[in-house]
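Chain naming here is simple, since letters A, B, ... match the order of the sequence lines and numbering starts at 1 in each. Just so it is clear, the values below take in all heavy atoms, side chains as well, and ignore hydrogens, waters and symmetry mates.
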Amino acid sequence: MPAPSALKRITDTTWELPVSYKPGMLVPARIFATEKLITAMDAGVFDQVSNVACLPGIQKYAFCMPDGHWGYGFPIGGLAAMDPETGVISPGGIGFDINCGMRLVLTNLTEEEVKPRLRELVDALFYRVPAGVGSHGFVSLSHDEFCTVAEQGSRWCLKRGFAWPEDLEMTEEGGCFPGADASKISHKAIDRGYNQIGTLGSGNHYLEIQVARPENIYNEELARAFGITIPNQVVIMFHCGSRGFGHQVATDYLQLFLSVMERKYGITVNDRELACAPFRSREGQDYFAAMKCAVNMAFANRQVILHRIREVFSDNFGRDPADLGMEMVYDVAHNTAKLETHMVDGRRRELLIHRKGATRAFGPGMEGLPERYRETGQPVIIGGSMETGSYLLAGEPGGSETFFTTAHGSGRTMSRHQAKKMVRGQKLQRDMEERGIYVRTASWGGLAEESGRAYKDIDDVAEATERAHLSRRVVRLLPIGNVKG
DNA sequence: ATGTCC
């Protein structure tokens, strides 16, 4: 799809749509991509990112990351910073899967040690980390206790023995966004979520056993600082979010915002999917407090999943998880809105940052990073498709341009429908096994949809973020085992 | 993404 002719190239990897591109734009739109990626980007991205540039209170630019593609209202890969006093909060700028995110866990095992047990490990993970639409977890909670989880996130997990203290430190915001208020959650959302803690979900959610080969290390020093110290070291990466709970929170508040946006607040938007409310309004604050519940539920979900991964490896190897070196590298959130302080035109300002399919990537020395990563910058985890590999990167000072935000994954090039027509799940499983990747899936159709052929080249995305100085490559990770939702 | 429509 050709890019609009109004698109101007600002640098090697920065592209801009000026405010003249569309009536109502308050700021220009900026897209970070290589020439190859911008050429392949779907036209919906340009339309959507310029719609976002019209939202009240937006600061500097409406952004799209190199993995950007068409989404609900905002593009996936979208980033918008609003003035909290004059700006809006928009569920479409966060996504239905609130705090969908990635977690990376180390082991001190090598590929040679894991290979003979790979099938057993993946089969055990497939059993112990429930995957698929409508799956429910092993943790049984009352509605009341679920509300505590939603308010406390990983802190609840620590109390219940599902976390090591250092896990919280290696999670964005310590695994708990403060200000979550379960009284702002509908009964329906609680009912959908209370039995979903410790479940992977479906779609592009997965759990993967990966290898860090010496030839795939881009930066030795950062790799060492992030715990990649052994040749062919095995790591575990997984991707999941707030399940039906977050989905219901988003649905509830989109409905509410649509009913008040124009009538009560006189806000008009280019697309109903950009439904929003003033951040300082009652509705805006209620959504903010409810969204944080879904953020915290997702942190707790990933934490319980980590606990179960540790159990699987511990049982299989007959050794304590600590003895297997199963420490977290980091946990990153993809779909959030947060108040953060950033420099804007030489002034420190508090901004409401919407990240939708985009990763926070704090540079070296920034407040909010754990001590271990103060010198290195934040670990950034970018998931590729299950066939092609993923990246561990590091935040860098150049990220200031995007309020320290980078890409989150490959981004689709093919619709799910299209992929299912071209790929058969059973055949893909056999093909992958021949290439040394053992995969188990909850749904053959779901597996076909996630074929590597349906995604952008992760190498292009990682390279684009580095060339744009949003994050630097540390190590490329290759899959050997995968549990697919 | 999602008890893929209450």
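Put simply, NE2 on His239(A) is 10 Å from P on dT2(B), counting in whole angstrom units. Atom CZ of Arg243(A) and atom P of dT4(B) are 12 Å apart (whole Å). What separates NE2 of His247(A) from C1' of dC5(B) is a distance of 12 Å, to the nearest Å. What separates CD of Gln248(A) from P of dC6(B) is a distance of 9 Å, to the nearest Å. Computed from coordinates, the Phe96(A) CZ to dT2(B) C1' distance equals 9 Å when rounded to whole Å. Residue Leu200(A) contributes atom CG, which lies 14 Å from atom C1' of dT2(B) at whole-angstrom precision. Rounded to whole Å, atom C1' of dT2(B) lies 12 Å from atom NZ of Lys188(A). Note: CG (Asn195(A)) to C1' (dT2(B)) measures 14 Å, nearest angstrom.
Taking 4.0 angstrom as the limit, Ser202(A) places a side-chain polar atom (N or O) nearer than this to OP1 or OP2 of dT2(B).
Checked against side-chain hydrogen bond (donor to acceptor under 3.5 Å, both in side chains), Ser385(A) has the following partners two or more places apart in sequence or in another chain: Thr388(A).
Within the nucleic acid shown, Glu449(A) has no heavy atom closer than 4.0 Å to any nucleic acid atom. No engagement by Gly241(A) is indicated, since no non-hydrogen atom pair under 4.0 Å with the nucleic acid exists.
Listed by first and then second residue, the side-chain hydrogen bond (donor to acceptor under 3.5 Å, both in side chains) pairs that reach into residues 270-279 of chain A are Asn51(A)-Asn270(A), sequence neighbours excluded.
Under a 4.0 Å N-O distance rule, the pair Asp431(A)/Arg435(A) does not qualify as a salt bridge.
Judged by distance alone, the side chain of Lys292(A) and the main-chain N or O of Pro178(A) form a donor-acceptor pair under 3.5 Å.
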